[in-house]
Amino acid sequence: MQLHTHEWGTGDRIAVLVHGIMSDHRTWHRVGPALAGRGYRVIGVDLRGHGRSPRGEYSPELFADDLVDTLPAGADVVIGHSLGGLALSLAAERLRPARAVYSDPAWSLTEAAQPVDPAVFVTFKRAERTLVRNFNPRWDDADVDVELATLADWDTGTALALSGHHLRDRTPQRPVVPSLVQIAGEGFLFTEEAAKELTARGFEVRTVRGAGHTIHRDDLEGFLAGLEGWI
């Protein structure tokens, strides 16, 4: 499946951004320009079932296959958030970026610090501004606007396809390219023990203190600072 993409900048280096569930490339509306300002041509994708990309069957493997079908191999850096991090990890061996960054990736929801079944996200489909604001008190008005817009364009079938018996630990055994895992200090996906295990498996692990699951929207400066040496 060919995914819809959006680009920022015209630099010689390529950065790719892969969003999480319920979102699309618009979640990166501040990150894209920031990376473009550092000399990158930045490509943001809409995963299938999100934004302006086609609908279809859904699974982590299909999300990954779409990335391979759509994106250039050998990018300088690919950043995947949440579901985007899961899809990236399944595509990394084929995409072979110089560096991969997994921002609070959804690898092990069944054994997370606070286990979550993605089916619960369906209830957010028709969330109103007050609910989005209450769940994300650190977001500015522009990010709340983006969230409402991306929810309107999201197919809830993507969450249901990751739910129930589809839930399992997908944490990579090892990185296939140099890889950073960026953990949200106030997130729900990783325990301290999980972070230590990732380090033992060969990942570099950094925590952005005080940030929630969507690090780049909770604390843009902290998100970018946590990428120093990787971008």
Side-chain angles (χ1 to χ4, degrees), residues 3-10 15-38 40-55 58 63 66 70 78-88 101 103-106 116 118-160 162 182 184-189 208 210-227 231:
L3 303 175
H4 173 75
T5 62
H6 179 87
E7 296 192 14
W8 300 266
T10 57
V16 175
L17 304 175
V18 190
H19 64 82
I21 199 164
M22 302 188 290
S23 195
D24 61 41
H25 74 272
R26 289 171 286 184
T27 189
W28 306 109
H29 69 101
R30 292 188 294 165
V31 176
L35 295 184
R38 296 187 180 211
Y40 286 95
R41 171 189 164 212
V42 185
I43 305 171
V45 301
D46 293 352
L47 294 173
R48 66 166 61 197
H50 298 76
R52 295 171 62 184
S53 285
R55 276 48 181 156
Y58 302 116
F63 291 131
D66 295 343
T70 302
V78 182
I79 301 173
H81 169 246
S82 194
L83 172 60
L86 171 57
L88 171 58
V101 175
S103 185
D104 225 34
V116 174
V120 303
F121 299 138
V122 174
T123 62
F124 288 91
K125 171 65 177 176
R126 303 200 180 279
E128 297 181 351
R129 176 174 293 274
T130 299
L131 181 63
V132 173
R133 168 62 66 203
N134 287 343
F135 268 92
N136 305 284
R138 299 183 65 177
W139 290 8
D140 62 20
D141 289 341
D143 275 304
V144 174
D145 290 340
V146 164
E147 184 76 355
L148 293 170
T150 57
L151 283 170
D153 291 337
W154 166 58
D155 182 356
T156 57
T158 59
L160 297 176
L162 300 170
Q182 190 182 61
E186 300 300 321
F188 54 87
L189 291 179
V208 181
H213 174 56
T214 313
I215 301 171
H216 60 281
R217 297 168 86 171
D218 261 21
D219 182 1
L220 179 63
E221 290 185 4
F223 172 80
L224 293 173
L227 299 181
I231 56 173

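When a residue number appears, it is its place in the shown sequence, counting from 1. Only this structure's heavy atoms are used, side chains among them; waters, hydrogens and symmetry mates stay out.
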Report yes if some heavy atom in the side chain of [X] is under 4.5 Å from a heavy atom in the side chain of [Y]; otherwise report no.
X      : Y      : value
Ile231 : Tyr40  : yes
Asn136 : Arg217 : no
Leu151 : Glu147 : yes
Thr10  : Arg41  : no
Phe223 : Val208 : no
Gln182 : Asp104 : no
His50  : Val45  : no
Arg129 : Leu131 : no

Look at [X] together with [Y] and state whether they make a salt bridge at an N to O cut-off of under 4.0 Å.
X      : Y      : value
Arg133 : Asp141 : yes
Asp66  : Arg48  : yes
Arg26  : Asp145 : no

- Query: Is Arg126 atom CZ crowded by more than 12 heavy atoms from other residues, nucleotides or ligands, each under 6.0 Å away?
  - Reply: no
- Please check if atom CZ in Arg52 has more than 12 non-hydrogen atoms from other residues, nucleotides or ligands closer than 6.0 Å. no
- Query: Parallel, tilted or perpendicular: which describes the rings of Trp8 and His6, with under 30° parallel and over 60° perpendicular?
  - Reply: perpendicular
- Parallel, tilted or perpendicular: which describes the rings of His213 and His81, with under 30° parallel and over 60° perpendicular? tilted
Looking at [X] and [Y], would you say the former's side chain and the latter's main chain have a donor-acceptor pair under 3.5 Å?
X      : Y      : value
Thr5   : Gly44  : no
Asp219 : Ala211 : no
Lys125 : Thr156 : no

- Item | Working for side-chain contact (heavy atoms from CB on, under 4.5 Å), residues Trp139 and Val146 | CA-CA 11 Å; Trp139 290 8; Val146 164; over 6 Å; no
- Message: Under a 3.5 Å cutoff, is there a donor and acceptor pairing between the side chains of Thr158 and Trp154?
- Response: yes
- With distance as the sole criterion, is a donor-acceptor pair present between the side chains of His29 and Asp143 under 3.5 Å?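 Short answer, yes.
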How many angstroms lie between [atom1] in [X] and [atom2] in [Y], if you round to the nearest 0.5 Å?
X      : Y      : atom1 : atom2 : answer
Ser103 : His19  : OG    : NE2   : 14.0 Å
Leu86  : Leu162 : CG    : CG    : 7.5 Å
Tyr58  : Leu160 : OH    : CG    : 10.5 Å
Leu88  : Ser82  : CG    : OG    : 12.5 Å
Leu17  : His216 : CG    : NE2   : 8.5 Å
Asp46  : Thr150 : CG    : OG1   : 9.5 Å

- Task: List the steps, then state whether side-chain contact (heavy atoms from CB on, under 4.5 Å) holds for Arg30 with Asp140.
- Result: CA-CA 11 Å; Arg30 292 188 294 165; Asp140 62 20; 4.1 Å; yes
- Query: Of the non-hydrogen atoms in Ala159 and Val122, which two are nearest, and what is the gap between them?
  - Reply: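 Minimum heavy-atom contact is CB-CG2, 4.2 Å.
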- Message: Testing the basics here: between Ala106 and Leu83, what is the closest heavy-atom pair and its distance to 0.1 Å?
- Response: CB-N, 4.0 Å
- Could you please spell out the steps behind the side-chain contact (heavy atoms from CB on, under 4.5 Å) verdict for Ile79 and Leu227? CA-CA 10 Å; Ile79 301 173; Leu227 299 181; 3.9 Å; yes
